Amino acid sequence: MHVDRGFLNVMILSWGMMLVFTAFQTMGNIQKAVLESIGKDDPNFKGDGYVSLAIIYGVFALCNWLAPSFISMTGPRTSVVVGSACYVLFIASFLFPRTEFLYIASVIVGVGGALVWTGQGTFLTVNSNEETMSRNSGLFWAIFQSSLFIGNIFVYFVFTDDQINADRRNLTFKVLTSVSIVGLCLLLTMKRPPQNQNMGPAEGVSSNDKELRIPESPKEKPLLAAWHALTDAIKLFFTTRMLMLSLTFIYTGLSLTFFSSVYSSSISFTESMGPNRNSLLGLSGICVGIGEVVGGAVFGMLASKCGGCSGWPVVSIGFAVHAFAFIAAVLNLPNAAPFGKTSDIGVITPSPGLAMVGSLTLGFGDACFNTQVYSLLGVLYSTESSSAFALFKFCQSVAAAISFAYTGWIGLHGQLGILIVFLVLGTVAFCVIEVKYRRAKRLAHLTCPEIDVSGNNALYNE
């Protein structure tokens, strides 16, 4: 029986990263509340969840510039595995809660994040072609984001009391560390990409003559490849098309901060949510995960069958559901909720049901944006995939780091105002670029069917 190695690699990548991020995303969701409980038990512990996350995404942003160079020397498989090992170390560090360990581990996982996500985008691209890219990105996102509700189901049943005690914390940390180790082991089984894919050769090395440089001596090859990967990424960043797409990337980073930590923590800190509000941390993550999986699965399965189920129509749906989620948050949660426990209320009496609907729509809308960004980058930059995905994650992580930094200073309503502004800008930017690409592709097909408008084709170049 013939096995599609490219599709098999996508499945291994999806399930392996799902397990690793079951641990990490669950930890991110509960980190603020858990670290606050550790501080109450141990006065010497001064670690802050928002500071840790700001460090993670700040380091992540800086290292994204170096990730293409690392991939040029090792390949995307190695990049994903090494980066995932950094995540395992971060989760394990919570078994020994000390302030210095928390922040050192935050730096390490920031480096790992750049390697994982740039490697993941490149590996997904080289195992896909133009016909399967939308399907594979949708399936990856659906499987990957199931990590949100798998981990948070566990949290929902463990964090049932108003106080989070040491025994429950340690049980949570041990389980999450074990799950991340299993995911890392699965990622080690990924195979070399097939050679016959038409969106880039194996291991993410471009077939473009401009990018494939052969140095004079074997010793120079890795260093030259790394240097040229860095300079190519810088040049790509300052193209008109990439600068426009950066608005979309920035929005996904701001949205990530909000739904992965701020929103769930705000629910937990709102005392009017009731005595079981800590368990709502897990339930919120479950609802976000359901929205992510449904969005990824629906648009992944339908994209290859219906042209209207990919691109700007999907992003427009994401715009609508995120706008609803932000309005619901303004109505349902008090402005002081991100700062700590509060007896304040929002415009209406806080409703756990409406809060969970907000979580569901946040997840669904995030899937709309991310699946289409992955698909578009994989098609437009098939020969520059590592640079393109590194720039995506750079913009996203810078936005997330800045957002985590101001979370402790700006109230919920101010944060939602910033989100709405970038929601509009990011949606418009994506739709303009994607519609322009569709028109160029249609024109090229009508005038010269053999022309490919992806990459740097003259019909679609800045």
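Just so we're clear, the structure is a prediction, and the values are computed from it rather than from any experiment.
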Quick one: does any side-chain atom of [X] pair with a main-chain N or O of [Y] as donor and acceptor, under 3.5 Å?
{"X": "Thr252", "Y": "Phe249", "result": "yes"}
{"X": "Gln415", "Y": "Ile410", "result": "yes"}
{"X": "Thr361", "Y": "Val357", "result": "yes"}
{"X": "Ser246", "Y": "Leu243", "result": "yes"}
{"X": "Ser93", "Y": "Phe90", "result": "yes"}
{"X": "Ser316", "Y": "Trp312", "result": "yes"}
{"X": "Ser375", "Y": "Thr371", "result": "no"}

Given Phe319, Phe422, Phe369, Phe430, the one that forms ring-ring contact (aromatic ring centres under 6.0 Å, His included) with Tyr251 |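 Passing option: Phe369.
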
Any luck finding a side-chain donor-acceptor pair between [X] and [Y] under 3.5 Å?
{"X": "Ser284", "Y": "Ser264", "value": "no"}
{"X": "Tyr381", "Y": "Arg241", "value": "yes"}
{"X": "Ser386", "Y": "Thr118", "value": "no"}
{"X": "Ser387", "Y": "Asp232", "value": "no"}

Give me the ring orientation class for Tyr57 and Phe60: parallel if the planes are under 30° apart, tilted from 30 to 60°, perpendicular past 60°.
->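 Tyr57 and Phe60: tilted rings.
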
Verdict with reasoning, Ser137 to Leu124, per side-chain contact (heavy atoms from CB on, under 4.5 Å) | CA-CA 7 Å; Ser137 61; Leu124 187 68; 4.1 Å; yes

If you take the centroid of each ring, where Trp contributes its six-membered ring, are [Y] and [X] closer together than 6.0 Å?
{"X": "Trp117", "Y": "Phe21", "result": "yes"}
{"X": "Phe258", "Y": "Tyr263", "result": "yes"}
{"X": "Phe94", "Y": "Phe173", "result": "yes"}
{"X": "Tyr374", "Y": "Phe392", "result": "yes"}
{"X": "Trp65", "Y": "Phe237", "result": "yes"}

Option passing side-chain contact (heavy atoms from CB on, under 4.5 Å) with Arg169 (candidates Val34, Leu95, Leu35) = Val34

Any side-chain heavy-atom pair of [X] and [Y] under 4.5 Å:
{"X": "Val10", "Y": "Phe123", "value": "no"}
{"X": "Met17", "Y": "Phe140", "value": "yes"}
{"X": "Ile91", "Y": "Val179", "value": "no"}
{"X": "Ser397", "Y": "Asn64", "value": "yes"}
{"X": "Phe7", "Y": "Arg135", "value": "yes"}
{"X": "Leu62", "Y": "Phe394", "value": "no"}
{"X": "Thr248", "Y": "Gln372", "value": "no"}
{"X": "Phe364", "Y": "His322", "value": "no"}

If I compare all heavy atoms of [X] with all of [Y], which pair ends up nearest, and what's the gap?
{"X": "Leu280", "Y": "Met356", "answer": "O-CE, 4.2 Å"}
{"X": "Ala23", "Y": "Leu176", "answer": "CB-O, 3.2 Å"}
{"X": "Ile234", "Y": "Phe238", "answer": "O-CD1, 3.1 Å"}
{"X": "Ala355", "Y": "Ile267", "answer": "CB-CD1, 3.8 Å"}
{"X": "Thr407", "Y": "Ser403", "answer": "OG1-O, 2.6 Å"}
{"X": "Gln25", "Y": "Ser147", "answer": "NE2-OG, 2.8 Å"}

Gap separating the [atom1] atom of [X] from the [atom2] atom of [Y], nearest 0.5 angstrom:
{"X": "Thr189", "Y": "Leu186", "atom1": "OG1", "atom2": "CG", "answer": "4.5 Å"}
{"X": "Ser128", "Y": "Asn136", "atom1": "OG", "atom2": "CG", "answer": "3.5 Å"}
{"X": "Met190", "Y": "Arg77", "atom1": "CE", "atom2": "CZ", "answer": "7.5 Å"}
{"X": "Ile420", "Y": "Phe326", "atom1": "CD1", "atom2": "CZ", "answer": "7.0 Å"}
{"X": "Met242", "Y": "Leu377", "atom1": "CE", "atom2": "CG", "answer": "6.0 Å"}
{"X": "Leu115", "Y": "Lys393", "atom1": "CG", "atom2": "NZ", "answer": "13.5 Å"}

Pair Val81-Leu184, side-chain contact (heavy atoms from CB on, under 4.5 Å): steps then yes or no | CA-CA 7 Å; Val81 170; Leu184 177 61; 4.1 Å; yes

Show your reasoning for whether side-chain contact (heavy atoms from CB on, under 4.5 Å) applies to Thr99 and Leu102.
-> CA-CA 5 Å; Thr99 305; Leu102 172 66; 5.8 Å; no

Could you walk me through whether Asp366 and Leu256 pass side-chain contact (heavy atoms from CB on, under 4.5 Å), step by step?
-> CA-CA 8 Å; Asp366 187 63; Leu256 171 67; 5.6 Å; no

